[in-house]
Amino acid sequence: MTDVTSLLPLAAVAVPALAAVLVLLSGAHPNVREAWTVLGSLGTVAVVALLVGDGATHVTPLGSLVGIDLALRADAAGLLFALLASTLWVATSLYSVGYMRGLGEARQTRYFAAFAASIAATMGVALAADLLTLFVFYELLTLATYPLVVHAGDGPARRAGRKYLAYTLGGGVLALTGILLVRVLADTVAFVPGGVADLAATDPALARAAFGLLVAGFGVKAAVVPLHAWLPAAMVAPTPVSGLLHAVAVVKSGAFAVYRSVLYVFGPETASDLGVAVPLAVVAAATMLLAGLVGIRQDNLKRGLAYSTISQLSYIVLGVALLTPLAAFGALLHVVAHAFMKITLFFGAGVIYVETGEKYVSDLAGVGRRLPVTITAFAVGAAGLVGFPLVAGFVSKFHLVLGAAAAPSGVFVAAFLVAGLLKLLYFWPIVYVAFFGRSDGADPASRHAFAPPHAATRTGSTSHVPGVPVAADGVSVAADGSGPHAPPDAENVVPTDGPGRDAARTAAIDPASRWERPRGLETSAFLLVPVVFTVGVAVLLGLVPTALPFWELAETAVGEVFG
Amino acid sequence: MIDHLLPLLVAAPLLASALPLFVAVRSRWLARWLTVTALVGQFALAAVLAWVVYATGSVSYVVGSIPAAFGIGLFADRLTATLGLLVASGALAALLTDDGSRSGPEYALWLLFVAGLSGVVVTADVFNLYVFLEISGLAAYAMVASARGVDPALAALKYLLVGTVGATLYLLGVGYAFVATGTLAVADLAPGLAAAGHDSTLVVTAFVLMVLGLSVKLALFPLHAWKPDAYAAARPTVATVLAALGSTVAGYALVRIVYDAFTVAFFEAVPALRILLVVAGATSVVAGGLLALRARDVRRLLAYSSVSQFGLFGLGVALATPLSVTGALVVLIGHAVAKGGLFVAVGSVARRHDATVVEDYAGLGDREPLTAAAVAVLGVSLVGLPPTVGFAGKWYLALGAIEAGSWLVATVVLASTMLSLAYVGRLVERCYRGGADAASPARLSTDGGRVRAIAPVIVVGAAVLIVALGLGSSALAAWFEPVVEGWL
């Protein structure tokens, strides 16, 4: 691969940034504003596609910061991440439009602008050619995503935002220390496939410290236990935010940065010589299992998905830490596979919330009747995450397990398999309740099998209209969907024809079967098309993994690291 | 005129300060514009000096043709030029945001303050430095008191007492240095002090007294108590110029004394004093941050933040490696711009919305989006995140500390990010709160006075400059390189 100086990598960052500015300027005209977002996302995909299609590696020097030359370099691994993020931004832009308008959310201009800025920062992380460039965009990503986390503006959102900043910027401090140590050790912070030469030659102890700091610092965003606590808290954000940013861009930036640090700064030989990869692998395996266990006990749908994300990210970290070509290949594939599958799940949760106002699994009995396509997509995505064949997750897990089998100890193979089992235990109740539950809550199929029901309202046959206080006899106060608002609950901004309209209507009609079959499209096309798209890609990746560029990019990336 | 550029830099505002006194009797408007013109002229002089220094290297001048060893020498290198520009532009920007109801004496004091600061910046004589330090100090005390009222008067008195004690300590130190060497010129002090023996009691005492005196002006912990009162009680424009320039020039003086007069050899001869300075700096960083967390009044919060930032500066000076001293200089410049911009914003919010405590800033993001965004960017620089100049300063400081093997300093520098995040985050979060949330409506009132339109422009300009300096941090470090190399 020859290096070519061009502006395309910079364009990949500049196009979303420009879109952010244009969104801010056109706040008064919502349709124009949304058009900028969609155009920006399509433009970004186009730039990245150009970079993927071209044989040479494009480089954009970015000048000098604190005496170090910064650059963007579109190599295979970076393009894999960039292509993933930009493609999903297209889907999420459409979804965001449907979601924000469906709920009548406030501050939409700030939302769309911050979203575009976050994507710009993610592109920068993906295409960074050295640790310092990655760090600059990494911190900018934290700043750009903060307004999205605190979008709701109320107490829980602000608290989540503070936790988010404290954890991610604290991680940034650790990572910066690691970068400084690398600079001192090797006089360079550039990414070199296979590791910077002689990094640990002068001072192995310092090199180990640098490794630990880099991995811990970047591991905060990669939600490695015990640095993961910000992720479930950040689920107060609107669902598209949770979907793209916290299941794809932010957490994948963390995992990607760990990937770069382990394989491009330290390299497989140095890392195994120093003996630092095994502790990382152990921590990742523990995260997989612990998060899997905790997730099973969650009744809040999004919180459960957050724990599932924490668990799945450690698949990637573990794949990196195993230091074998197969495991690294599986890790890269899992970056892509998990993204498409998880975002399908988040999209599904969002559709459920927009259409029914429900956030808790135990309130979702039988919702498959009302949202057949959505719940089917959810089930397919879930199956992929468990590792069933024909969906993307199987391919990546297969390679991860094979890579783990090459390691001296079989404990990591066992970890992968047990984690898969835990996933099954997590997802099955949700799918079962959705399809086979009855909304009168009488039979066991209508309750989440493992999670304690949430504290609020579910008592027997009453339905809960969000935002309406439940009176003493358990019957909801107003049957027309409007009424006095309950004390603020983060996501319940309830217009009269938004979430809960079906719940209110059907509650008055027939408490036993809350959901009626949809007439026509079960939800807005803006919401449905992205769901179908992402689950479709997940299935495509499962059936024909080489159909999309990700396979080749991952192969090239692993080839240049391991030789 | 170019030949006499250096003394002109001091003489011009000094002489011009007399004019507003007389003109204001007839027309206040004319007095204000006279002052503005004088400051514009000062800025032009500083710009020419910067160009001359860039083109031809450092410039020296001797007043009255008396040899510098006995008379007064003036000296300008790249650092001088930068500070000169900073003083002129900071004073000009702050005055432009003033609401125009000042009296003649207040304009005169403003120009005296600028003259004093410019004098400190260009002088090459340690006693002369004391004189100008006192001129600027006296002008500052009076400016603080000019706000009229009990709090300003008390704050000014406190500032006067503490400042005078500090200046006197410095003067004592100068005296001892003179006894040791027989000269007051910085260039001759360096060999003179070396000859007298860096570890001799006389020289050590001179150092301690001079640095202690300057530390009062820098407001290092625990000599900082005057700062929050002065910044909170002064009028907004006065607070701006004090915050941006007052301690900054004192920091410049510290660096000159330590590296030009005493030189690095002094630290090598008396390592205990270097350790003492490191401890003082580290304590300031932590104490300033913790005190800022508890502050309710925004101006006090920013004052404690200054204490913390000058602690970082002190750490850089004390470590005495090229990278750490570069970091100290970058922190100095970056802090001046950031604090100046923040105080302009705070002043305009105080005037327009009658809001001085953090709680009252709720909803600023909705009412004044540009100002709030600029405040957020300036805050990010205080925290030290890329790509602002605050990050660049911390990078150089931390890298210098690690390369020097000083892990404590590196830890303090890097951990200060989290402390700064806590108090900056409090303020920025508050700005973006309220409005959409019906339960707690925006508390920002609109029945304050009018604010000059230029104020938000200056705040946004400061934010842009912060990012530009950050992106150009390599160029900034390269600009200071000859100076730093000359010292080390």
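Remember, predicted model here, so these are calculated numbers, not experimental data. Letters go in sequence order (proteins before strands), and every chain restarts at 1.
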Colleague: Within a strict 4.5 Å, meaning less than it, do heavy atoms of the A:Leu180 and B:Leu414 side chains meet?
Modeller: yes
Colleague: Which one, A:Val150, A:Leu143, A:Leu174, A:Leu165, leads in non-hydrogen pairs under 4.5 Å with chain B?
Modeller: A:Leu143
Colleague: Are any non-hydrogen side-chain atoms of A:Phe135 and B:Phe391 less than 4.5 angstrom apart?
Modeller: yes
Colleague: Quick one: which of B:Met418, B:Glu429, B:Glu403 has the most heavy-atom pairs under 4.5 Å with chain A, could you say?
Modeller: B:Glu429
Colleague: What part of B:Ala392 gets within 4.5 angstrom of chain A, counting heavy atoms only: side chain, backbone, both, or neither?
Modeller: both
Colleague: Select one option (side chain, backbone, both, neither) describing which atoms of A:Leu206 are under 4.5 Å from chain B's heavy atoms.
Modeller: side chain
Colleague: Which residues in residues 183-191 of chain A have any heavy atom lying under 4.5 Å from a heavy atom of chain B?
Modeller: A:Arg183, A:Val184
Colleague: Heavy atoms, side chains only, cut-off 4.5 Å: are A:Val66 and B:Pro386 in contact?
Modeller: no
Colleague: How would you list, in number order, the residues of residues 120-132 of chain A that have a heavy atom less than 4.5 Å from chain B?
Modeller: A:Leu132
Colleague: Could you tell me which portion of A:Leu65 (side chain, backbone, both or neither) has an atom closer than 4.5 angstrom to a non-hydrogen atom of chain B?
Modeller: both
Colleague: At a 4.5 Å cut-off on heavy atoms, which part of B:Leu421 comes close to chain A: side chain, backbone, both, or neither?
Modeller: side chain
Colleague: Side chain, backbone, both or neither: which part of A:Leu169 has an atom under 4.5 Å from a heavy atom of chain B?
Modeller: both
Colleague: Could you check whether atom CH2 of A:Trp36 has more than 12 heavy atoms from other residues, nucleotides or ligands sitting under 6.0 Å from it?
Modeller: no
Colleague: Enter the distance from A:Arg158:CZ to B:Arg430:CZ here, rounded to the nearest 0.5 Å.
Modeller: 7.5 Å
Colleague: Is the backbone N or O of A:Ser64 less than 3.5 Å from a side-chain atom of B:Ser474, with the two atoms forming a donor-acceptor pair by type?
Modeller: yes
Colleague: Under 4.5 Å, heavy atom to heavy atom, which residues of residues 304-328 of chain B contact chain A?
Modeller: none
Colleague: Is B:Val380 in contact with chain A via its backbone, its side chain, both, or neither, using a 4.5 Å heavy-atom distance?
Modeller: side chain
Colleague: Please classify the contact between A:Tyr138 and chain B as side chain, backbone, both or neither, with a heavy-atom cut-off of under 4.5 Å.
Modeller: neither
Colleague: The criterion is side chain to side chain contact (heavy atoms under 4.5 Å, CB included); which residues satisfy it with A:Met100, sequence neighbours excluded?
Modeller: A:Glu105, A:Gln108, A:Tyr111, A:Phe112, A:His151
